[in-house]
**Student:** 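Mind having a look at this structure? Questions to follow.
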Amino acid sequence: MKMKSQATMICCLMFFLSTECSHYRSKIHLKAGDKLQSPEGKPKTGRIQEKCHGPCISSSNCSRPCAKDFRGEIGFTCNQKKWQKSTETCTSLSVEKLFKDSTGASRLSVAAASIPLHILDFRAPETIENVAQGIRKNCPLDYACIIDVVKSSETTSGNIAFIVELLKNISTDLSDDVTREKMKSYSEVANHILDTAAISNWAFIPNKNASSDLLQSVNLFARHLHIHNKSENIVNELFIQTKGFHINHNTSEKSLNFSMSTNNTTEDILGMVQIPRQELRKLWPNASRAISIAFPTLGAILREAHLQNVSLPRPVNGLVLSVVLPEKLQEIVLTFEKINKSRNARAQCVGWHSKKRRWDEKACQMISDIKNEVKCRCNYTSTVMSFSILMSPKSMTDKVLDYITCIGLSVSILSLVLCLIIEATVWSRVVVTEISYMRHVCIVNIAVSLLTANVWFIIGSNFNPKAQDSNVCVAVTFFSHFFYLSLFFWMLFKALLIIYGILVIFRRMMKSRMMVIGFAIGYGCPLIIAVTTVAITEPKKGYMRLEACWLNWDNTKALLAFAIPALVIVAVNLIVVLVVAINTQRPSIGSSKSQDVAIIMRISKNVAILTPLLGLTWGFGIATLIEGTSLTFHIIFALLNAFQGFFILLFGTIMDHKIRDALRMRMSSLKGKSRAAENASLSPTNGSELMNRQG
């Protein structure tokens, strides 16, 4: 009876300690363990609560338990008066479960009744203390003992986070002698969480570095891979492939080719890694190894660390290719097939910086971008081992656009300078009345605004915001925004000048008052809008674009601070033209002010021509922001935008018969003065000759 009581007591103690140790081990194994467990450290059961109960207050949070057999919780955030899922730590995996069938813990519990109490030690059972010890004990040759458990698990956010930590621990503790069998098992585990069905769940992992940790763990593990044959296809899973071969200084140019399916297309996407011959000459005669790993879906889940003036996320448009090379090799050539084959998709070659956790544009240089294939030359380092191409569908770099812009800006600037020269030449002859005076003030300020805006545009186009001081780019963007707005607001003032002239039946206007109003509208309103825009968006780093010194669109929609005023002014001006067309037909307008009527009509014709041109220009400009816009829209916008100065010279100056008449008179006057000067210079000579003859 005493022995039975002792055995019962030992069994109870065994159960209690094993439970406590199980809880302890599950917490110490994974760094994210606290997140993967419920606050009480016990599995929560019950149905998943899709939404939280109670009032939804903006930015408030709540959590609900996971389903039965899962530990952790689901977090919700209130957004636009609706509960939306924000995080999830539901996991069914644990260290114990990985080695459940092969661990010695269960055997120990069965025999515990016959083991003396002083021999029992449950503080840290060796078999399941951590993954490394479990694998060393149960499957040290190929790591196969963990595959079935992992592959049978659901790809919840919590399980994905657990598996990432699992792979991270293996890379850290078990990468001393990596064979082909170990690499295959390791890749099968990684393939499970890289499946297209798991991609959406990566977004709810609380640890935002999980994707970059996965990439770094795979690269670290592959560094220790041994290759026995001359060339090997080591891993051939759906979502991760590994290839490698031996190389030395006598090896000819080598390449590794991949063909894999992505989550965006049913067709395979190609990728190739090439080691140039000049790089291979740097190697020693003894053999080295080159390994490459391809990921078709990893680009969709890689989360970049926050960087100022960078619009995140930046879509990856090809395979992610990792390479493991000897230290002496520094340069490789990679070829990527585009996933998005849109004509507007501009490619950018990049390398993943493992310490900064973001794509680094400086790591690669584009060699060619022909049709759907991009070739990059990249620098391989210990911190930059993975490469791909990014996509920017809203930025066009077609050479045709560059040529149009360059030629058009040159013509525009020359036209505006000529416009100002003509105005200065004929000024005294054309500013007869107050209305005509203000009309030419408008023309001069429109020309000055556009000329200055074009100069700032040229400065901005030659400025690299990534490599140079961003504060300078802010200044360039501000002044470009300000002067382009001034162009439109002076056009608005011209329209208001017309309305004023009609409504007051052409009464005398005070020149000084009109000048104050004109400058307040022409420069005051743009200044307020420009200052407000930079004040609101710059603190959030959403004022400028990443690739150019111009207003941001992707993050803060700062470009609307230009587009909305410009298009509203275009609409107002068109309405004014219609009002003029109706009112000038009335017989009540007398002939006593026929000169003013003629001036108003000339202003109206000028506005009627320039307004549609300016409106059409920036209408196409707005259209180019739409993803997938045809190249034709970009070319039309570039043409109209670049030649705005020429349009102002043509329709605002040259086509005005009063200015042409004044120019003729000015030219005739200059010719007359030159003839008079010539006659004056000849007359003394003629007189002396006549006196000599008489003498």
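For clarity, every value in this text was computed on a predicted model and none was experimentally measured.
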**Student:** I'd like to know if Cys364 pairs up with Cys378 as a disulfide, counting it only when the SG to SG distance is below 2.5 Å.
**Tutor:**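 Cysteines Cys364 and Cys378 qualify as a disulfide pair, their SG atoms being under 2.5 Å apart.
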
**Student:** Is Ser211 reaching over with its side chain to a backbone N or O of Ile301, donor-acceptor style, under 3.5 angstrom?
**Tutor:** yes

**Student:** Is a salt bridge present between Glu279 and Lys282, judged by a nitrogen-to-oxygen distance below 4.0 Å?
**Tutor:**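 Counted as a salt bridge, because a side-chain N and a carboxylate O are separated by less than 4.0 Å.
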
**Student:** Please walk me through it: do Val150 and Leu166 pass side-chain contact (heavy atoms from CB on, under 4.5 Å)?
**Tutor:** CA-CA 10 Å; Val150 169; Leu166 169 67; 4.1 Å; yes

**Student:** Apply side-chain contact (heavy atoms from CB on, under 4.5 Å) to residues Phe239 and Asp195 and explain how you reach the verdict.
**Tutor:** CA-CA 6 Å; Phe239 306 105; Asp195 194 301; 3.5 Å; yes

**Student:** More than 12 non-hydrogen atoms from neighbouring residues, nucleotides or ligands closer than 6.0 Å to CD on Glu237, yes or no?
**Tutor:**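 More than 12 heavy atoms, drawn from other residues, nucleotides or ligands, come within 6.0 Å of this atom.
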
**Student:** Stepwise, does the side-chain contact (heavy atoms from CB on, under 4.5 Å) test hold for Val235 with Gln241?
**Tutor:** CA-CA 5 Å; Val235 176; Gln241 289 183 4; 5.7 Å; no

**Student:** How far apart are the closest heavy atoms of Ile163 and Ser153, and which atoms are they?
**Tutor:**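 In this case the closest contact between Ile163 and Ser153 is CD1-OG, 4.4 Å.
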
**Student:** Which residue, Thr335, Leu334, Val333, forms the side chain to side chain contact (heavy atoms under 4.5 Å, CB included) with Val273?
**Tutor:** Leu334

**Student:** Provide the closest heavy-atom pair for Pro206 versus Thr87 in the form atom of the first, atom of the second, distance.
**Tutor:** CG-CB, 4.3 Å

**Student:** Flag the pair Arg357 and Asp213 as a salt bridge only when some basic side-chain nitrogen lies within less than 4.0 angstrom of an acidic carboxylate oxygen.
**Tutor:**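 Yes, charged N to carboxylate O under 4.0 Å.
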
**Student:** Can you name the closest pair of heavy atoms from Ala222 and Ile291 and give their distance?
**Tutor:** O-CD1, 3.5 Å

**Student:** Closest approach of Arg281 and His249, non-hydrogen atoms and distance?
**Tutor:**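 Taking Arg281 first and His249 second, the nearest heavy atoms are O-CB, 4.0 Å.
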
**Student:** With sequence neighbours excluded, tell me which residues meet salt bridge (charged side-chain N to carboxylate O under 4.0 Å, His left out) with Lys356.
**Tutor:** none

**Student:** Tell me whether Lys151 at atom NZ has more than 12 heavy atoms from other residues, nucleotides or ligands lying less than 6.0 Å away.
**Tutor:** no

**Student:** Between Cys66 and Cys90, is the SG-SG gap under 2.5 Å?
**Tutor:**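 Between Cys66 and Cys90 there is a disulfide, given that their SG atoms are under 2.5 Å apart.
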
**Student:** Measure the distance from the SG of Cys139 to the SG of Cys145 and say whether it is below 2.5 Å.
**Tutor:**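 Yes, disulfide present: SG-SG under 2.5 Å.
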
**Student:** Provide the closest heavy-atom pair for Arg71 versus Leu93 in the form atom of the first, atom of the second, distance.
**Tutor:** NH2-O, 2.7 Å

**Student:** Apply side-chain contact (heavy atoms from CB on, under 4.5 Å) to the pair Thr196 and Thr297, showing each step before the final yes or no.
**Tutor:** CA-CA 7 Å; Thr196 52; Thr297 58; 3.9 Å; yes

**Student:** Can you find a heavy atom in the side chain of Leu302 that is under 4.5 Å from one in the side chain of Val316?
**Tutor:** no

**Student:** State whether the side chain of Ser354 and the backbone N or O of Thr383 hold a donor-acceptor pair below 3.5 Å, judged by distance alone.
**Tutor:** yes

**Student:** Which of parallel (below 30°), tilted (30 to 60°) and perpendicular (above 60°) describes Trp359 and Trp352?
**Tutor:** perpendicular

**Student:** Check whether more than 12 heavy atoms from other residues, nucleotides or ligands sit under 6.0 Å from atom CD of Glu331, and answer yes or no.
**Tutor:** yes

**Student:** So, applying side chain to side chain donor-acceptor pair (under 3.5 Å) with Asn219, which one of Ser322, Ser171, Ser382 is it?
**Tutor:** Ser322

**Student:** Can Lys137 be said to sit on top of Phe99's aromatic six-ring, NZ or CZ under 6.0 Å from centre and within 45° of the ring axis?
**Tutor:** no

**Student:** Establish, from distance only, whether the side-chain atoms of Thr156 and Asn201 form a donor-acceptor pair under 3.5 Å.
**Tutor:** no

**Student:** Taking atom CD of Gln278 as the centre, report whether more than 12 heavy atoms of other residues, nucleotides or ligands fall under 6.0 Å from it.
**Tutor:**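 Count over threshold, so yes.
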
